[in-house]
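These notes are about the structure you will find just below.
Here is how names work: the chains are called A, B, and so on, in the same order as the sequence lines, proteins then strands, and each is numbered from 1. The structure displayed is predicted, hence computed values, not measured ones.
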There are 2 protein chains.
Amino acid sequence: MREKTLEEYLNCPFHLAMNTLEGKWKFAILYVLLDKGTLRYKELERAIPDISTRMLVKELKHLEAKGVVNRKAYATVPPTVEYSLSTIGKSLKPVIDSISDWGKMYAKAVG
Amino acid sequence: MREKTLEEYLNCPFHLAMNTLEGKWKFAILYVLLDKGTLRYKELERAIPDISTRMLVKELKHLEAKGVVNRKAYATVPPTVEYSLSTIGKSLKPVIDSISDWGKMYAKAVG
DNA sequence: TGAAGTAATAACACTTTTGTTAGTAATGTT
DNA sequence: AACATTACTAACAAAAGTGTTATTACTTCA
């Protein structure tokens, strides 16, 4: 069997998925959007205590670029921008549940 | 409903599980050990091209400390140290599969 | 006129993660 | 006597991730 290159390791489906899950804040954003559906930027900020503007904007842009989050802007004053999960974003739910379930199981197992 | 604190966000089951999955190399280590069962340190090193000694040692220690990996040392010369997955480590397989499956699906969906 | 509100952006600093290079101990093999 | 082998360790450097602070534009409300 052929050796896997570093490229293949890092661009494998696992890491592709991890791109939308890893880091300090992505889970919180996905969790809130899964729970609430559609939220304005400010509502997201309030729903995720302690996140900085910088990180919230950065992660939203990242998730939008990946097609996981939808962004809709309205020409109001003050501005209105709504964020929600795309269809593919919503499909992350069972993955997130699988990860969380293991975490619960692990917490019990190790005490 | 009470507000979640930052602590609760970061020590939640999701992030607890992510501790054993995230980063550049943990997946490769888990993947190889799931596939091959038990491997000596040097065999792991050879099975994961481009990983540095530093990172391999560091991640193995981390995973061992989390109870995910077992380490067994023999008093030979040169040293023999065998690594394998613990029972709870093996239980990560369906989680890893779930993440990878989403990655495959995503790759098809976005082209 | 001035303050309040929303959705950002930019510059800089700090922290965490990862990489690089060099080296160690012990013994069997050449 | 020198060398290869294994499983590491330590010091330092670079890169990536995250945090802090200040600032913007526009309009409505006080």
Per nearest nucleotide of DNA chain D, the residue lying toward the 5' end, A:Pro78 or A:Glu22, is A:Glu22

Rounded to whole Å, OH of B:Tyr74 lies from P of C:dA25 at a distance of 26 Å

Distance in angstrom units between B:Ile51 CD1 and C:dT17 P, rounded
15 Å

Any A:Lys42 side-chain nitrogen or oxygen under 4.0 Å from OP1 or OP2 of C:dA8
no

B:Lys26 side chain near B:Leu21 side chain, heavy-atom distance below 4.5 Å:
no

By nearest-heavy-atom nucleotide on DNA chain D, the more 5' of B:Val77 and B:Tyr83 is B:Val77

Nearest-angstrom distance from the residue atom CG of B:Asn19 to C1' of C:dT17:
14 Å

Hey, is A:Lys42 close enough to A:Glu45 for a salt bridge, meaning N to O under 4.0 Å?
yes

Does this structure show an ion pair linking B:Arg40 with B:Glu82, if we count only N-O contacts that are shorter than 4.0 Å?
no

Nearest-Å distance for atom pair CG/C1', residues A:Leu56 and C:dA7
10 Å

Using whole Å, report how far NZ of B:Lys58 lies from P of C:dG19.
11 Å

Please check if the side chain of A:Ser98 supplies one atom and the backbone of A:Pro94 the other of a donor-acceptor pair under 3.5 Å.
no

Quick one: how far along DNA chain D does chain A reach, first to last nucleotide 5' to 3', anything under 4.0 Å to a heavy atom?
D:dT18 to D:dT27

State the CD-CZ distance between B:Glu59 and B:Arg54, to the nearest 0.5 angstrom.
10.0 Å

Any donor-acceptor pair under 3.5 Å linking the side-chain atoms of A:Tyr83 with those of A:Glu64?
no

How would you label the contact of B:Thr53 with the nucleic acid (heavy atoms, under 4.0 Å): base, sugar-phosphate, or nothing?
base

May I ask you to evaluate whether B:Arg54 reaches the phosphate of C:dT20, defined as a side-chain N or O under 4.0 Å from OP1 or OP2?
no

A:His62 side chain vs A:Asn19 backbone, donor-acceptor pair below 3.5 Å
yes

Return the value, rounded to whole Å, for the distance between atom NZ of A:Lys24 and atom C1' of C:dT16.
11 Å

Here the distance between atom C1' of C:dA8 and atom CD of A:Glu59, to the nearest Å, is 16 Å

